[in-house]
**Q** 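Dropping a structure here in C-alpha cells format, bear with me for questions.
No hydrogens, no waters, no symmetry mates; every other heavy atom, side chains included, goes into these values.
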Amino acid sequence: MTEHTRNTQDTRNDQNARKARDARNTRDTERNGNAGRTRRTGGHGSGTHDVVVVGGGAAGLSAALVLGRARRRTLVVDAGEPRNAPSSHMQGYLSRDGMAPAEFLAVGREEIARYGVELVRDRVTDVTRDGDFTVVLGAGRTVRARRLVVATGLQDELPAVPGVAERFGRDVLHCPFCHGWEVRDEPFGVLAAGPASVHQALMVSQWSKDVTLFLHTVAEEELSGQDLRRLAAAGVDVVPGEVAELLVEDDRLTGVRLADGSVHARSVLYVAPRPVPRTGLLERLGAAMDETPFGTYPVVDPTGLTTVPGVWAAGNAIGFAEQVVHAASGGYRAASAIVGDLLMADLDAAVTG
C-alpha cells in the first residue's frame with residue numbers, strides 16, 4: 001500500500017469514526033433529552049426539578065453534566081458573568097491549556113444539552129425553602145428544586161489606578177500560574193495592595209528576574225525584616241511612592257508613572273484584586289459563613305455541602321483561589337454527592353410509603 005493510499009484510508013476511517021460518533025451522540029441526546037422531559041421525582045410534583053444549579057461557569061456546568069448523565073432533571077441559571085471573562089485564554093487545565101474561556105463554556109453548554117439539562121440566561125433573585133426550594137428568576141419565572149448547587153463565583157475588585165481595569169486580563173494580571181509562562185522574562189511590576197503583596201512579588205520572580213515591587217500606598221515600615229531579606233534574595237527591586245497611572249502605547253503596557261512624576265518601564269503589572277464572593281443567596285438561606293483574609297465564604301464539607309441541608313456550593317463561591325480545573329472538580333464532587341443523596345431520599349420515601 002502506498003503512503004498516499006494509506007493516508008487516504010486513514011482519512012476515510014477517521015471520517016467514518018466521526019460519523020458514527022456523531023450519530024451515537026445524536027441518539028444519546030434524543031434519548032437523554034426525552035428521559036429528562038418525562039422523568040418524575042418520587043413524592044414531588046412533575047414541575048419540580050431535581051436540582052437547580054445557580055451559575056454556569058466551570059463549576060456549575062461540571063455539576064450539571066454529572067447530574068444530567070445521572071438522569072436527574074436539572075436546570076442551570078446563568079447570569080453570564082464568568083470571573084475569567086477578561087482573559088483571552090486559560091492555562092493549566094490538562095487537555096484545555098490555552099483554550100479561550102468563552103470557547104470552554106460554549107463546549108460545556110453543548111455537552112450538558114446532550115443529557116436534557118436546561119440552561120437559561122437569567123439571574124436568581126431570591127431563594128426560599130419550604131421542604132423543597134423555590135427559586136425566583138429575574139425575568140419573573142419561578143421554579144421548584146429539591147436540591148441546589150450555588151456556583152455564583154466572585155467578582156475581582158481592582159485597585160483604583162487609571163489603566164488597571166482597562167488592561168486587566170491582558171498585561172495587567174493577578175495569577176502567575178494562569179499567565180506567567182506567556183509573559184516570562186518580561187519586565188514585571190507588582191502593585192502592592194498590602195504587606196501580603198510581598199508574597200506575590202516573590203512568587204512572580206520565578207517567571208522573570210526583572211521584578212519591581214511598587215509599594216503604592218504601603219509604607220516601607222510595614223514590611224518586615226524577613227520580607228526585605230527575601231525580596232533582596234529574589235532580586236526584587238522595591239520602589240516606594242504611590243502609583244498614579246499606567247502608561248500605554250500601541251495598546252501595550254509600557255510603564256508605570258508614580259505620583260512624583262517618575263516613570264518605570266514595565267510591560268507586565270501584577271495586581272492583587274480584592275475578591276468579593278457572590279454569596280448573597282447562601283447568606284439568605286442561613287448558611288454558616290467563614291471570615292477569611294480573602295473574603296467571606298460558606299462553611300462546606302469535602303463534597304461542597306453547606307450547613308443548609310440540600311444546598312451545595314462549588315467554585316469561587318467557596319474560595320478565591322479556585323482555578324478553572326478546581327472549580328470543575330468541585331462541581332463534579334457536589335453533583336455526585338447530590339445523586340446519592342437524592343437516591344437515598346427517594347428509596348426512603350418508597351419504603352415509608
**Q** Output yes when Arg266 and Glu186 qualify as a salt bridge under the 4.0 Å nitrogen-oxygen rule, no when they do not.
**A** no
**Q** I'd like to know if Arg170 and Asp251 make a salt bridge, using a cut-off of under 4.0 Å between side-chain N and carboxylate O.
**A** yes
**Q** Dump the intermediate steps for side-chain contact (heavy atoms from CB on, under 4.5 Å) on Tyr270 and Val172, then the final yes or no.
**A** CA-CA 6 Å; Tyr270 280 93; Val172 174; over 6 Å; no
**Q** Checking the side chain of Asp341 only, and the main-chain atoms of Ile338 only, is there a donor and an acceptor separated by less than 3.5 Å?
**A** no
**Q** Going only through I, L, V, M, F, W and Y residues with side-chain contacts under 4.5 Å, is there a path from Leu137 to Phe133?
**A** yes
**Q** Closer than 4.0 angstrom, basic N to acidic O: yes or no for Arg73 and Glu118?
**A** no
**Q** With side-chain hydrogen bond (donor to acceptor under 3.5 Å, both in side chains) as the test, would you mind laying out the steps for Asn84 and Ser87 before giving the verdict?
**A** CA-CA 6 Å; Asn84 61 356; Ser87 298; over 6 Å; no
**Q** How long is the straight-line distance from CZ of Arg83 back to CG of Asp156, given to the nearest 0.5 Å?
**A** 4.0 Å
**Q** Among the clusters formed by ILVMFWY side chains lying less than 4.5 Å apart, do Leu253 and Phe168 turn up in the same one?
**A** yes
**Q** For Gly315 and Glu322, which heavy atoms make the closest approach, and how far apart are they?
**A** O-CG, 3.4 Å
**Q** Any side-chain donor paired with an acceptor under 3.5 Å for Gln91 and Asp97?
**A** yes
**Q** If only atom types and distance count, is the side chain of Arg284 paired as donor or acceptor with the main-chain N or O of Leu281 below 3.5 Å?
**A** no
**Q** Once ring pair (Phe, Tyr, Trp, His ring centres under 6.0 Å) is applied, what residue pairs with a partner in residues 282-312 remain, sequence neighbours excluded?
**A** Phe294-Phe320
**Q** Can you tell me if Ser197 uses its side chain to pair, donor with acceptor, with the backbone of Gln200 under 3.5 Å?
**A** no
**Q** Write down the atom of Ser329, the atom of Arg333, and the distance for their closest heavy-atom approach.
**A** OG-NH1, 2.8 Å
**Q** Are Val190 and Val271 in one and the same hydrophobic cluster, where Ile, Leu, Val, Met, Phe, Trp and Tyr link if side-chain heavy atoms are under 4.5 Å apart?
**A** no
**Q** Counting only N and O atoms by type, is there a donor-acceptor contact under 3.5 Å from the side chain of Ser62 to the main-chain atoms of Ala328?
**A** yes
**Q** Does His179 have its ring centroid less than 6.0 Å away from the ring centroid of His89?
**A** yes
**Q** Consider only side-chain heavy atoms of I, L, V, M, F, W and Y, link residues closer than 4.5 Å, and tell whether Val256 and Val238 are in one cluster.
**A** no
**Q** Ion pair present between Asp130 and Arg144, side-chain N to carboxylate O less than 4.0 angstrom?
**A** yes
**Q** Start with the C-alpha distance between Arg146 and Thr48, add both sets of side-chain angles, then the distance that settles side-chain hydrogen bond (donor to acceptor under 3.5 Å, both in side chains), and finish with yes or no.
**A** CA-CA 7 Å; Arg146 300 174 64 191; Thr48 299; over 6 Å; no
**Q** Please round to the nearest 0.5 Å and tell me the distance separating atom CZ of Arg230 and atom CG of Leu202.
**A** 7.0 Å
**Q** Centre-to-centre under 6.0 Å for Phe177 and Trp207, is that the case here?
**A** yes
**Q** For the pair Leu61 and Glu111, evaluate side-chain contact (heavy atoms from CB on, under 4.5 Å) and give the outcome as yes or no after the intermediate values.
**A** CA-CA 9 Å; Leu61 292 177; Glu111 289 178 351; over 6 Å; no
**Q** So, taking the atom named CG in Asp301 and the one named OG1 in Thr307, what distance separates them when rounded to the nearest 0.5 Å?
**A** 10.5 Å
**Q** I'd like to know if Val300 and Val311 are part of one continuous hydrophobic network [Ile/Leu/Val/Met/Phe/Trp/Tyr, side-chain heavy atoms within less than 4.5 Å].
**A** no
**Q** Does Asp171 come within less than 4.0 Å of Arg252, counting only side-chain N to carboxylate O?
**A** no
**Q** Between Leu148 and Leu285, is a side-chain contact (heavy atoms from CB on, under 4.5 Å) present by the stated rule, with each step listed?
**A** CA-CA 11 Å; Leu148 290 180; Leu285 287 167; 4.0 Å; yes
**Q** Between Asp50 and Arg71, does any NZ, NE, NH1 or NH2 come within less than 4.0 Å of an OD or OE carboxylate oxygen?
**A** no
**Q** In Å, rounded to the nearest 0.5 Å, how long is the span from CG of Asp122 to CG of Leu75?
**A** 9.5 Å
**Q** Can we say Asp185 and Lys209 salt-bridge, meaning some charged N sits less than 4.0 Å from an Asp/Glu carboxylate O?
**A** no
